[in-house]
Amino acid sequence: MPEQRADGPDRADRLDRPHHADGPGRPERDWARLHAGHVEDWGGRFAEACGARGVEGCVIFSGAVQYRFRDDIEVPYVAEPYFKAWVPETYPGSALKVVPGDRPRLVCLRTQDFWHLPVSEPEGFWTGQFEIRCAATPAEALRELGDVSGFAAIGESAQPSMGFRSVNDPALLAHLDFYRAVKTPYEVACIEEANRVAAAGHTAAQCVLRGGASEFELNQAYCDATGQRESALPYTNIVALNEHAGILHYQHLDRRTPARIHSFLMDAGADCNGYASDVSRTCAGGSGPFQELIGSMDAMQRRLCDETRDGTSFVSLHESAHRLVAQVLAEHGIVRCSREEAYGRGITRTFLPHGLGHLLGLQVHDPGGHLHEPGGPSGAPPAEHPFLRLTRTLRPGFVVTVEPGIYFIPELLDELRNGSLSRTVDWDLVERLLPCGGIRVEDNVLVTEEGSRNLTRAAFSTDGYAPPDESASPDGP
Ligand code: GLY
Ligand code: MN
Ligand code: MN
């Protein structure tokens, strides 16, 4: 075993890679080269956006530390997306000055006080792309930015009183949001890494489940395996046992282990350099109709991933998902009508009330999903699918989630039961499935010139993930 220095193994080496990029099965990547290309691509996007809006450049703020109301306890800091697009490290209160054709200037706030450890001096694979200045106070940081009168400011802490030409100009942001749907190779690498980390977490949680675990313990197992504290997660994990799986954004962590586990739905991602993964898996507590339903959902999700290609309208893909849900409902006898009727009369919307997926990147729900051109117009979702976050035609470089589901949500089922289509449903079977809550299978898919690449399934296979045990005891609903 090589001798380890006090600051850990190969610290200098680690700085050449993003967080989480180590470990078995990780491809060797030249992160400095990837990031340099990324900065060039984003520089081009900013130059075009600045030209379109008639500004000299942009000042992008990283975001300020926030505090609890009437308290000095900090709210966990999260860097703002337009800053994270350039800088993979966390620098609260800092700013970036981007002038087309120039090396971007990073003004890094390094306040010194004896309550806190100041942020480290910038170092790592990414620093070569910036002119870096450090400031000890916010006022000094503003001075280091120089003249900003012809500049557009981006960020929650940007103030008109700072003398900018514009502050959070919606047209400028729309321009950037439109183009950020197409990921640079560096961004794809980050999302791939974030998927590897999430896959390890999901696998660990499923192992703990086999021994009997509460939602709280499952979440702990996930965070342990991913090496992430909760505040670093790209979104709050959804860790749902039994009927909680039917609550789309279930937000609690029950500490009690249920007497019987019918189902486990986990929707949990990871962060790599500010880029997110967003992954859901569902498994059954035993064999039976629910486990069979998961098998069908998994097969139909793979089919939708295969259809995620250049030139496909995401609205059509969402409609395909409803046609496939209709087929699954009919094949499993949940509906007694034909699949054509289940689709045509909108019965599937009771079982799949959310959209098929969304853009993914710096934010879990990257904006720009309704923008059909850099300056608009906006393509609102169809009236019958109001929650669809993505209505664009897919292009190479897009990273999207594909996350069909089937849920047993009492309030939606009651509407169906009390309406004219009640006869179309096998309510006895639905009653048996209600304790299972629901199923969601969610992968992150990169659209390529040739078709698509499923970043999540690749991550699970590198992780040695074994799907839930087929020979589980026959005690499932
Ligand atoms: N994790 C939130 C979502 O799947 O959109
Ligand atoms: Mn999602
Ligand atoms: Mn999700």
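Given the structure is predicted, the values throughout are model-derived calculations rather than measurements. Side chains are part of it too, since the values below use all heavy atoms of this structure and drop only hydrogens, waters and symmetry mates. Atoms within each ligand, like the ligands themselves, are counted from 1 in listed order.
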*Can you label the angle between the Tyr91 ring and the Trp126 ring as parallel, tilted or perpendicular, going by 30° and 60°?*
tilted

*Should you measure from each heavy atom of His365, which atoms of ligand 1 turn up under 4.0 Å away?*
2 (C), 3 (C), 5 (O)

_Before moving on, can you tell me the angle at the Mn ion (ligand 2) between the OE2 atom of Glu403 and the OD2 atom of Asp278, to the nearest 10 degrees?_
160°

*For ligand 1, is Arg440 a contact, meaning one of its heavy atoms is under 4.0 Å away?*
no

*If we ignore angles and hydrogens, is there a donor and acceptor under 3.5 Å between the side chains of Asp41 and Tyr186?*
no

*Short question: side chain of Ser313, backbone of Thr393 - any donor-acceptor pair under 3.5 Å?*
no

*May I ask you to check whether His358 brings an N, O or S atom to under 2.8 Å from the Mn ion (ligand 2)?*
yes

*Purely on distance, is any nitrogen or oxygen of Asp267 under 3.5 Å from one on ligand 1?*
yes

*Can you pull out the closest protein heavy atom to atom 3 (C) of ligand 1? Residue, atom name and distance to 0.1 Å, please.*
Asp278 OD2, 3.3 Å

_For the backbone of Leu359 and the side chain of His365, can you confirm whether one donor and one acceptor N or O come within less than 3.5 Å of each other?_
no

*Taking atom types as modelled, find out whether His358 and Thr401 have a side-chain donor-acceptor pair closer than 3.5 angstrom.*
yes

*Cationic tip of Arg255 above Phe216 ring, under 6.0 Å, 45° of axis*: yes

*Near Glu442, which atoms of ligand 1 are under 4.0 Å from a heavy atom of that residue?*
4 (O)

*asked:* Rounded to the nearest 10°, what angle sits at the Mn ion (ligand 3) between OD2 of Asp267 and OE1 of Glu442?
replied: 100°

